[in-house]
Amino acid sequence: MPPSSWSSTKAKVQLRLSVQRLRTLQEKKEAQAKTARRDIATLLERGKVETARIKVESIINEDIYLELLELLELYCELLIARFGLVDLNTREPDPAVSEGICSVIYAAPRTELKELHVLRDLLMHKYGREFSAAVMENRDGCVSERVMKKISVNMPSDDLVEGYLTEIARGYGVQWKLNSKQVSEDQSSEAQGLMDVAQQGSGDIIYQASSGKLTNGRETPRLPDIPPTEDEDGKGGNEGGGSKSSPEDDFAMLAKRFEALKKR
């Protein structure tokens with residue numbers, strides 16, 4: 001049985017607050033990244049390449065962090081859309097929301113968002129210590145692989161740094177080229193992809209509404225259809241022609257947003 005401290009009302013409020021704060025933080029980070037890229041272009045124009053390289057490493061890490069924030073935002077929106085499954089009186093989450101719940105529990109401490117920390121605590125109380133410990137150890141790969149990649153801390157490769165420098169110089173019309181070696185097309189594309197995410201959030205991650213998972217274009221097993229929630233049962237004939245969108249519309253909108261998130 002889930003702990004008595006679980007409050008579905010509070011959890012839903014925290015999910016919505018988390019979505020709002022995640023969006024606000026992304027906008028703030030995107031504005032900072034734009035300023036930083038402009039500064040790097042100025043450094044390249046002045047021939048201060050080594051200083052520009054150091055600043056680019058920070059830009060790369062921030063772009064990866066932005067992708068993590070967007071993933072968490074989309075998972076929170078998924079949990080809102082399927083809150084009836086989150087609120088089930090079970091020892092473990094339903095498979096249709098399990099990846100989102102595990103990813104929030106695992107990744108929330110890596111962010112500075114207090115709302116996400118509170119949501120994490122609520123979910124950990126609901127499913128208990130044993131489940132929470134398994135999530136933090138990522139047993140059976142319950143946490144999204146993409147979330148794990150965004151959290152892992154690695155120094156950017158020289159090729160990726162140079163790819164960023166090349167794309168920034170090109171974007172700001174700075175006449176600058178590498179002296180030592182040519183940046184490979186793959187690394188330049190990777191740099192451009194990360195910057196596109198920071199600026200636009202465009203890309204090709206695919207969200208499968210049947211499983212609640214992000215995929216890389218590969219087929220995944222289809223999970224059973226989701227049972228209707230209490231809210232859905234109560235809406236039947238009371239809201240004919242109302243302003244609220246149907247669950248199918250919500251899922252379709254989420255699917256489009258997941259497709260808009262850049263795959264890395």
Side-chain angles (χ1 to χ4, degrees), residues 1-29 64-152 201 205 207 209 211-214 226 229-232 247 250-251 253-255 257-258 261:
M1 295 285 291
S4 58
S5 58
W6 166 256
S7 168
S8 59
T9 302
K10 186 175 182 180
K12 205 163 190 176
V13 169
Q14 286 303 134
L15 277 167
R16 287 173 175 153
L17 287 174
S18 296
V19 168
Q20 292 173 5
R21 290 286 287 115
L22 282 162
R23 287 175 182 168
T24 301
L25 183 57
Q26 286 176 70
E27 290 172 0
K28 178 182 176 182
K29 295 285 186 184
I64 293 172
Y65 182 59
L66 264 173
E67 289 187 352
L68 173 64
L69 295 178
E70 188 167 359
L71 280 168
L72 290 175
E73 178 196 339
L74 294 175
Y75 277 129
C76 286
E77 289 191 338
L78 173 67
L79 296 182
I80 291 172
R82 296 183 170 183
F83 192 77
L85 296 177
V86 178
D87 201 30
L88 290 176
N89 192 19
T90 57
R91 292 178 180 272
E92 294 186 358
D94 186 277
V97 293
S98 179
E99 185 179 285
I101 289 171
C102 292
S103 296
V104 168
I105 289 176
Y106 189 90
R110 277 75 172 182
T111 72
E112 64 262 47
L113 296 179
K114 195 175 297 183
E115 293 80 3
L116 211 55
H117 295 173
V118 174
L119 174 61
R120 174 180 183 264
D121 289 342
L122 286 170
L123 293 172
M124 291 176 72
H125 278 302
K126 174 173 174 59
Y127 295 109
R129 180 177 299 178
E130 184 177 345
F131 174 81
S132 301
V135 171
M136 293 311 296
E137 295 173 7
N138 194 24
R139 295 177 197 167
D140 302 321
C142 62
V143 180
S144 164
E145 183 180 350
R146 283 183 176 79
V147 169
M148 294 297 296
K149 286 181 179 179
K150 307 310 172 192
I151 288 175
S152 61
I205 278 185
Y207 171 70
S211 65
K213 286 184 177 291
L214 297 172
I226 309 169
T229 63
E230 291 182 12
D231 291 341
E232 292 168 14
D250 290 338
F251 296 152
M253 182 165 49
L254 281 174
R257 294 199 62 203
F258 271 107
L261 184 58

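Because the structure is a prediction, the values reported are computed rather than measured.
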In the structure I gave you, are the side-chain heavy atoms of [X] and [Y] within less than 4.5 Å of one another anywhere?
X	Y	result
Leu123	Trp6	yes
Leu88	Leu85	yes
Lys10	Val13	no
Tyr65	Leu25	yes
Met148	Ser144	no
Ile151	Val147	yes
Leu116	Arg21	no
Glu92	Phe131	yes

To the nearest 0.5 angstrom, please state how far the [atom1] atom of [X] sits from the [atom2] atom of [Y].
X	Y	atom1	atom2	value
Glu70	Lys29	CD	NZ	15.0 Å
Leu79	Lys12	CG	NZ	11.5 Å
Asp94	Asp87	CG	CG	12.5 Å
Lys150	Leu71	NZ	CG	7.0 Å
Gln20	Glu73	CD	CD	10.5 Å
Leu22	Leu72	CG	CG	6.0 Å

Please confirm whether the backbone N or O of [Y] pairs with a side-chain atom of [X], one donor and one acceptor, at under 3.5 Å?
X	Y	answer
Thr90	Pro93	no
Gln14	Glu115	yes
Asn138	Cys142	yes
His125	Arg120	no

What are the two closest heavy atoms between [X] and [Y], and how far apart are they?
X	Y	answer
Arg82	Ala96	NH1-O, 3.1 Å
Phe83	Ser8	CZ-O, 3.2 Å
Val19	Cys76	CG2-CB, 3.6 Å
Ala107	Leu68	CB-CD1, 4.2 Å
Thr111	His117	O-NE2, 3.0 Å
Val143	Cys102	CG2-O, 4.0 Å

Just checking Glu112: does its CD atom have more than 12 heavy atoms from other residues, nucleotides or ligands closer to it than 6.0 angstrom?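 Above 12, so yes.
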List the residues meeting salt bridge (Lys or Arg N to Asp or Glu O under 4.0 Å) with Arg139, not counting sequence neighbours, and say none if there are none.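 Only Glu137 meet the salt bridge (Lys or Arg N to Asp or Glu O under 4.0 Å) criterion with Arg139.
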side-chain hydrogen bond (donor to acceptor under 3.5 Å, both in side chains) involving Tyr106 - partner list, sequence neighbours excluded: none
side-chain contact (heavy atoms from CB on, under 4.5 Å) between Ile101 and Tyr127: does it pass, once the steps are laid out? CA-CA 10 Å; Ile101 289 171; Tyr127 295 109; 3.5 Å; yes
Output yes when Glu145 and Lys149 qualify as a salt bridge under the 4.0 Å nitrogen-oxygen rule, no when they do not.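 Answer for the salt bridge query: yes.
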